[in-house]
Undergrad: 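Below you'll find the structure I mean.
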Amino acid sequence: MILRKYKSIIKDEMDRALKEINFPEVDYQIKENTNPEYGELYTNIPFMLSKSLKKNPMDIANEIQKELVFDQSIISEVSKPGYVNFKINYKNLCEETLRNEITQLKESVNIGENQKVILEHTSVNPNKALHIGHARNLFIGDTLARMLRFTGYDLTVMNYIDDSGLQVADIIVGMKYGGFSEIPENNMKFDEYAGDKIYVKINELYENDKELAGKREYVLKELEKKSEIRQYAKEITNKILKAQLETAKRLDAKYDLLVFESDIIFSNGWKIILDKLKEEKIIQLEKEGDLSGAWIFKTNFKNETDKVIIRSDGTSTYIAKDIVLAAWKIGIINEIFNYLPFNNTELLATTLDNIENKYNFHNNMKSITLIDARQSRLQKIIKEILNQFNDNKDKIYEHLSYEIVSLSKGTAETLGIRTEDKKIIQMSGRKGMYINVDKALDIIKNKVYEETKLRNINESEEWIDNTAEKISIAAFRYELLKNDLDKIIVFDLNNSLKLDGETGPYLLYTFARATSILEKSEFQPKIEQIKNIHECLNQPHEIELIKNMAKIDIIIEESVKNMSPMRIAKFTYNLCNLFNSFYEKSPVLREEDKNIMNSRLFLVNSFRNSLIILFDLLGINYLDRI
RNA sequence: AGGCCCGUAGCCUAGAUUGGAUUAAGGCGUCAGCUUGCGGAGCUGGAGACCGGGAGUUCAAGUCUCUCCGGGCCUGCCA
């Protein structure tokens, strides 16, 4: 719509010109300039051609530039060692940017073209409450989901529920044989109760109670049969899951589909996959050695040990279920589930009940699985196996990896964790070394509540509480999104209580400022009523703000292509930063020249509209006042 | 031991895809300012980085290659 449009106009004309002068084809790009002095865009193709043409870049640049023909909105210039720069007429850029409309923007960034994609995130074992590491997964996943939908993908967001694993078994052992009550004490949230009170304690008890430890193996086996214990476990895990989903809802994450591991186990999917694996000789029966009698997958990777898929006793390993799930996602096998609303909500869940199937979630063009970096090896193996199926053609299975959240030494110590000489502490659900999402949020909220109250003494208790809740979530969300996926986040409670600088509250504050101006102005000007808006908004800080707003389409496109929520987060922060400079330097309501005032007002309104779009992508609820 | 990831001011973090042109950008902290002015959860300015070390490729390297150092993770017939 804006800068992206100019980029493609320039690219087209460049292509034409290069063909005209008969230059060899190279894969070049139109890039953004870091220094606005040289114009908005440039190309470095003269350098790329310099060698093969045996000419110096400056001459090539001149040759190209002479051939280029644009209308008055674009000026091309050659500068120093051999760049061709493109300056976009500020009048055009300014007017087009300020007229930003969401429908137009969506159209211009429609890179998905309705392609069917499935995104899995969260996927926390239903035996404990979400901790802040899970929150990172959830925030990244939910933000990606918003980005993919915005750019026109036909997306399914799924949450995988491992309801038959060892971790669930621990809770069942605790309740059935360990003497733990099925009802939490003091109205504790059920997921928190299971995780904090049972999971941690039962693992301690195993140390000295061999019989209890034996029960765990028994329960685990029963979970894979249609047994009474399985039925019981289903009830318990559903209660935990509901509690987890309450937290997810508080964090503003939305899912379309829950896939239960137990439904994979009891479906015919595994049999189909197993036959295919054997038939296509992807796995093979080991005849001798340590793994004798097991079916294994030999990896191509250097020095990797072979992966057991079926144990010598005939049972399947954990990875087997993942292969079925992955194969289902990209349509290597047909639909194996039916679907029912979960807990009477809009959220759907898999079922094997024989009902009419109105939905179809398998067979996606692309599958994105968001799991932390520790599972990279396993995911690599799954991808490798999928690649070997004959009927896997052009489908993409992608593991989107992100680094974990660790605790700072100080924060770990406040939890009573012995840190010894370690600088950062890895969380562990089993050892009870973690910070619950709800608790972390409550701590942040207490602080935000005080700050909000100070600034809004006349507001109702309800208003303050609701506002504090929203600000806290924005703070938490931004905190976990602003780093790139490959960076470990060291979580420090004191640090996350910061409400200024590059934070969620700063974004909300900026939004409220912009809103406040618009509320106080008597009318909203139409751009047609303003004379020469580009001349009224011609101070450096105004130009910089507008030019950055013009980049929104490019940023959204790049963020999606690189699966980078961080890029949108940083862009939004930068835009707010520029707006606050504008706010200090260009008074709006106090400006005496009516035309200038209206121009600024119009800018404020456009900026606010841009923020609404960006906040929506980031999952931040905007507030007109904070 | 092998594989993957990280290393940018005191601390944290950007610097995208495919190397490109200002004094390498921002936040925290620190120092100095700004409010009878549209919300100070803000703004302006200062100090603070030879981008972990070294070598290489290139007209051009924070960015690519190699190597070394430091840190993290993974490597189960557990899930």
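These numbers come from the heavy atoms of this one structure, side chains and all, not from hydrogens, waters or symmetry mates. This one's a predicted model, so the numbers in the text were calculated from it and none came from an experiment.
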Undergrad: Is there a donor and acceptor pair, one atom on the side chain of A:N125 and one on the base of B:A79, closer than 3.5 Å?
TA: no
Undergrad: Less than 4.0 angstrom between a side-chain N/O of A:Y506 and OP1 or OP2 of B:C43, yes or no?
TA: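 Result: yes.
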Undergrad: Is A:Y318 near enough to B:A79 that one of its side-chain N or O atoms lies under 4.0 angstrom from OP1 or OP2?
TA: no
Undergrad: So, does the side chain of A:E502 form a donor-acceptor pair with the base of B:U13 at under 3.5 Å?
TA: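 No such pair is found, so the answer is no.
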Undergrad: Measure from CD1 on A:I488 to C1' on B:C4 and round the result to the nearest Å.
TA: 12 Å
Undergrad: Closer than 4.0 Å, any side-chain N/O of A:R430 to the OP1 or OP2 of B:A79?
TA: no
Undergrad: Both A:I489 and A:P505 contact RNA chain B. Taking the nearest nucleotide for each, which residue is further toward the 5' end?
TA: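 It is A:I489 whose nearest nucleotide is closer to the 5' end.
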Undergrad: Using only side-chain N and O atoms of A:R455, determine if any of them is under 4.0 Å from OP1 or OP2 of B:A41.
TA: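 Yes, because at least one side-chain N or O of A:R455 sits under 4.0 Å from OP1 or OP2 of B:A41.
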Undergrad: Pairing check on B:G2: which nucleotide meets the Watson-Crick or G-U wobble criteria with it, both distances under 3.5 Å?
TA: B:C74
Undergrad: Indicate the ring-plane relationship of A:F607 and A:F579, choosing parallel, tilted or perpendicular according to the 30° and 60° boundaries.
TA: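 Judged by the thresholds at 30° and 60°, the geometry between A:F607 and A:F579 is parallel.
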Undergrad: Is it true that the NZ or CZ of A:K11 lies under 6.0 Å from the centre of A:Y28's six-membered ring and within 45 degrees of the ring axis?
TA: yes
Undergrad: Is A:R625 salt-bridged to A:E519, cutoff N-O under 4.0 Å?
TA: no
Undergrad: Can A:Y38 be said to stack with the base of B:A21, given centres closer than 5.5 angstrom and planes under 30 degrees apart?
TA: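 Yes, A:Y38 stacks on the base of B:A21, since the ring centres sit under 5.5 Å apart and the planes are within 30°.
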Undergrad: So, is A:K307 near the phosphate of B:C77, with a side-chain N or O under 4.0 Å from OP1 or OP2?
TA: no
Undergrad: Could you check which nucleotide pairs with B:A25 in any of the strands shown, counting Watson-Crick or G-U wobble with both distances under 3.5 Å?
TA: B:U13
Undergrad: Could you work out the separation of B:G53 and B:G10 based on their P atoms and round it to a whole Å?
TA: 13 Å
Undergrad: In whole Å, what is the span from the CG atom of A:L507 to the P atom of B:G27?
TA: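 That distance rounds to 13 Å.
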Undergrad: With a 3.5 angstrom cut-off on both distances, give the Watson-Crick or G-U wobble partner of B:C38, or none if there isn't one.
TA: none
Undergrad: Would one find a side-chain N or O of A:S581 under 4.0 angstrom from OP1 or OP2 of B:U44?
TA: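 Looking at the OP1 and OP2 atoms of B:U44, one of them is under 4.0 Å from a side-chain N or O of A:S581.
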Undergrad: Quick one: A:M597 CE to B:G37 P, roughly how many Å, whole number?
TA: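 About 19 Å, once rounded to whole Å.
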Undergrad: Ignoring backbone atoms, test whether A:R600 places a side-chain nitrogen or oxygen under 4.0 Å from the OP1 or OP2 oxygen of B:C38.
TA: no
Undergrad: From the list B:A41, B:U18, B:C38, which nucleotide is the closest neighbour of the side chain of A:Q29?
TA: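 Out of B:A41, B:U18, B:C38, the nucleotide with an atom closest to A:Q29's side chain is B:U18.
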Undergrad: Please classify the nucleic acid contact of A:I319 as base, sugar-phosphate, or nothing, using heavy-atom distances under 4.0 Å.
TA: nothing
Undergrad: With a 3.5 Å cut-off and just heavy-atom distances, do the side chain of A:T34 and the base of B:A21 make a donor-acceptor pair?
TA: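 Side chain to base: no pair below 3.5 Å.
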Undergrad: Counting only side-chain nitrogens and oxygens, does A:N577 get under 4.0 Å of the OP1 or OP2 atom of B:C43?
TA: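 Checking B:C43 against A:N577, a side-chain N or O does come within under 4.0 Å of OP1 or OP2.
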Undergrad: Within the modelled atom types, does a donor on one side and an acceptor on the other bring the side chain of A:S312 and the base of B:C77 under 3.5 Å apart?
TA: yes
Undergrad: What do you reckon, do A:Y573 and the base of B:G26 stack, with centroid distance below 5.5 Å and planes below 30°?
TA: no
Undergrad: Measuring to OP1 and OP2 of B:C74, would you say a side-chain N or O of A:Q375 lies under 4.0 angstrom away?
TA: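 Checking A:Q375 against B:C74: no side-chain N or O falls below 4.0 Å of OP1 or OP2.
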Undergrad: Pick the closest RNA chain B nucleotide for A:Y28 and for A:T317 by heavy atoms, then say which residue is nearer the 5' end.
TA: A:Y28
Undergrad: Could you please name the partner base of B:U30, counting Watson-Crick and G-U wobble pairs only when both distances are under 3.5 Å?
TA: B:G46
Undergrad: Mind calculating the distance between CG (A:L578) and P (B:G42) to the nearest angstrom?
TA: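 Going from CG in A:L578 over to P in B:G42 covers 15 Å.
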Undergrad: Paired with B:C66: which nucleotide, if any, by Watson-Crick or G-U wobble criteria at under 3.5 Å for both distances?
TA: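 B:C66 is paired, partner B:G54.
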Undergrad: Would you state whether a donor and an acceptor, one from the side chain of A:D170 and one from the base of B:A79, lie under 3.5 Å apart?
TA: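 Between B:A79 and A:D170, which were checked side chain against base, a qualifying N/O pair under 3.5 Å is absent.
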